[in-house]
Every structure is written in structure tokens, then in C-alpha cells.
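The structure under discussion appears below in the form of C-alpha cells.
All values below were derived from every heavy atom in this structure, side-chain atoms included, with hydrogens, water molecules and symmetry-related copies excluded.
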Amino acid sequence: MASMKRPRLKAVAPLKNFRLGLTFIDGSVFTVDFKPLFEESPGLVPLRNTKAFAGAALSDQEGWSVEWTALDIQIGADTLWLEAQAQNSPDENTRVFAQWRARHGLSLNQAAEALGMTTRTMSADGTGARPVPRYIALACKGWEAEHKRQT
């Protein structure tokens, strides 16, 4: 299995009910449901059309993103990987962590800095190598609450 320092896609397949089948270069396969994303991201509204959604394709041979050329919409492989982790995680704490990173567009290094943890800890937790501990999920919720108060 190929190692994946940054998520890259090998294949993408539009599925029924606004789901996208994703195969990453490390061999991992996920399905991402776009219906919840439509609610969170107004820029994705044009994809609510079944025919338009079916136009999903890899943007290039390198697998860095998926695009809908006719709509000028592009989503990075790293964003899709985070969403796949959040939607397909076997435990709540891992879902909380992945969704928090995706919502705020945080890399593993940025997540580590935000939570006052080491990059090594974030790397193990952020790649699915092990379940995310409860204290990290709580730290994500605390960070978010603190930032809401500041805005």
C-alpha cells in the first residue's frame, strides 16, 4: 500500500443520492454523502442537481482534487479525506475531531498548535491510526466555544 503524506485521490465515482465514491492512493475507499455539505456550504448549491453532480471527475492525473468543470467547483482531496473521516469514523470522538478540522480548514500542524499539543500526537489522531481520545474531542469543542465568544 502506498504511503500518503497528503491525501491524494486515485479514483472518484459519483453515486446515487448525492454520494461520492472516493479511492485514495493508499488504497482506502470511502463514500461521502454530500447532502449534509449542501446545508453547510452555499457554494455547493449547484451540485444539488443530479445531472450536475454526476459530472464529478479528478481534476488531473495527480489526484489533488475533484472538480465539476461545468460549474467551476473544485474540492481538494485533503478536504474530502477529512469529510470521509468524519462521516465514516467508527467513534464519536474521531468524528468530532475530523469535523472540527474540516470546519476550520486546519492542517494537522495548525490543529496541534490550536490545541496546545504536539504535531506527533495530532498526526496519530488525525490519520485514523488510532481512535481520538475524548480529551481531544473536548478540547476541540472548547476551542470552538472560545473562538465564537471572540467574534
Side-chain angles (χ1 to χ4, degrees), residues 3-10 12-50 52-53 56 58-59 62-68 71-151:
S3 76
M4 199 167 57
K5 290 182 180 181
R6 280 191 55 213
R8 284 191 2 211
L9 289 157
K10 183 177 181 180
V12 61
L15 305 171
K16 291 182 180 184
N17 297 319
F18 302 105
R19 294 177 305 124
L20 200 58
L22 304 169
T23 303
F24 290 88
I25 62 167
D26 69 349
S28 58
V29 177
F30 295 101
T31 299
V32 171
D33 183 355
F34 269 68
K35 288 182 292 241
L37 301 178
F38 295 152
E39 303 303 318
E40 299 169 6
S41 305
L44 298 180
V45 168
L47 295 179
R48 287 184 176 191
N49 175 293
T50 306
F53 187 81
L58 288 178
S59 62
E62 299 300 315
W64 293 114
S65 61
V66 172
E67 69 179 355
W68 289 264
L71 301 171
D72 195 27
I73 294 175
Q74 193 173 66
I75 302 175
D78 50 352
T79 300
L80 291 167
W81 189 87
L82 274 175
E83 189 59 38
Q85 297 304 300
Q87 288 187 17
N88 296 282
S89 176
D91 68 278
E92 180 64 20
N93 296 332
T94 302
R95 272 191 297 281
V96 167
F97 179 67
Q99 288 169 338
W100 172 75
R101 282 188 57 213
R103 254 192 318 275
H104 300 287
L106 299 172
S107 68
L108 286 174
N109 288 341
Q110 291 167 325
E113 186 176 318
L115 300 178
M117 298 181 182
T118 66
T119 303
R120 186 179 192 145
T121 298
M122 288 294 101
S123 181
D125 294 331
T127 60
R130 66 177 186 216
V132 171
R134 181 80 176 138
Y135 70 88
I136 290 179
L138 292 171
C140 293
K141 291 177 180 187
W143 182 93
E144 211 160 49
E146 186 177 276
H147 281 76
K148 283 181 184 175
R149 279 196 311 258
Q150 293 175 359
T151 56

For S65 and I75, run side chain to side chain contact (heavy atoms under 4.5 Å, CB included): C-alpha distance rounded to whole Å, both residues' side-chain angles, the deciding distance at 0.1 Å, then the answer. CA-CA 5 Å; S65 61; I75 302 175; over 6 Å; no
Stepwise, does the side chain to side chain contact (heavy atoms under 4.5 Å, CB included) test hold for F97 with D91? CA-CA 10 Å; F97 179 67; D91 68 278; over 6 Å; no
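- Summarising the geometry, atom CZ belonging to F18 is positioned 8.5 Å from atom CG belonging to L47; distances are rounded to the nearest 0.5 Å.
- Between W68 and F53, the angle of the ring planes lies from 30° to 60°, which puts this pair in the tilted group.
- Contact detail for Q99 and A86: the closest heavy-atom pair is CG-CB, 3.3 Å.
- Remark: S89 OG to F30 CZ distance equals 9.5 Å, nearest 0.5 Å.
- To the nearest 0.5 angstrom, L108 atom CG is 13.0 Å from M117 atom CE.
- Between A98 and Q85, the shortest heavy-atom distance links the atoms CB-CB, 4.0 Å.
- Within a 6.0 Å sphere centred on CD of Q74, other residues, nucleotides and ligands contribute more than 12 heavy atoms.
- A distance-only check finds no donor-acceptor pair linking the side chain of R19 to the backbone of T31 [under 3.5 Å].
- More than 12 heavy atoms of other residues, nucleotides or ligands lie within 6.0 Å of NZ in K35, so this atom counts as buried by the packing criterion.
- Considering all non-hydrogen atoms of both residues, D78 and R6 come closest at OD2-NH2, 4.3 Å.
- Closest approach of Q110 and G105 over heavy atoms only: OE1-O, 3.5 Å.
- In this structure a side-chain-to-backbone donor-acceptor pair under 3.5 Å is present from T94 to V132.
- Taken from CG in N88 to CD in E83, the straight-line distance is 9.0 Å, to the nearest 0.5 Å.
- Between A77 and F24, the shortest heavy-atom contact is O-CE2, 3.8 Å.
- Taking 4.5 Å as the limit, every side-chain heavy atom of P131 sits out of range of all side-chain heavy atoms of N93.
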Evaluate side chain to side chain contact (heavy atoms under 4.5 Å, CB included) for L58 paired with W64, printing each intermediate quantity in order. CA-CA 8 Å; L58 288 178; W64 293 114; over 6 Å; no
In sequence, state the C-alpha distance, the side-chain angles, and the governing distance for N109 and S107, and then conclude on side chain to side chain donor-acceptor pair (under 3.5 Å). CA-CA 5 Å; N109 288 341; S107 68; 5.2 Å; no
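- Separation of atoms CD (E113) and OG1 (T118) is listed at 13.0 Å; rounding is to 0.5 Å.
- Rounded to the nearest 0.5 Å, atoms CG (L20) and CG (L15) are 7.0 Å apart.
- No hydrogens or angles considered: a donor-acceptor pair under 3.5 Å links the side chains of E144 and H104.
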Begin with the C-alpha distance, continue with both residues' side-chain angles, and end with the deciding distance and a verdict on side chain to side chain contact (heavy atoms under 4.5 Å, CB included) for L80 and V66. CA-CA 9 Å; L80 291 167; V66 172; 3.5 Å; yes
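- In this structure, K141 and V96 have side chains that are in contact, with non-hydrogen atoms separated by less than 4.5 Å.
- Looking only at side-chain heavy atoms (C-beta outward), L9 and L22 come within less than 4.5 Å of each other.
- Here the closest heavy-atom approach between residue R8 and residue E62 is recorded as NE-O, 3.0 Å.
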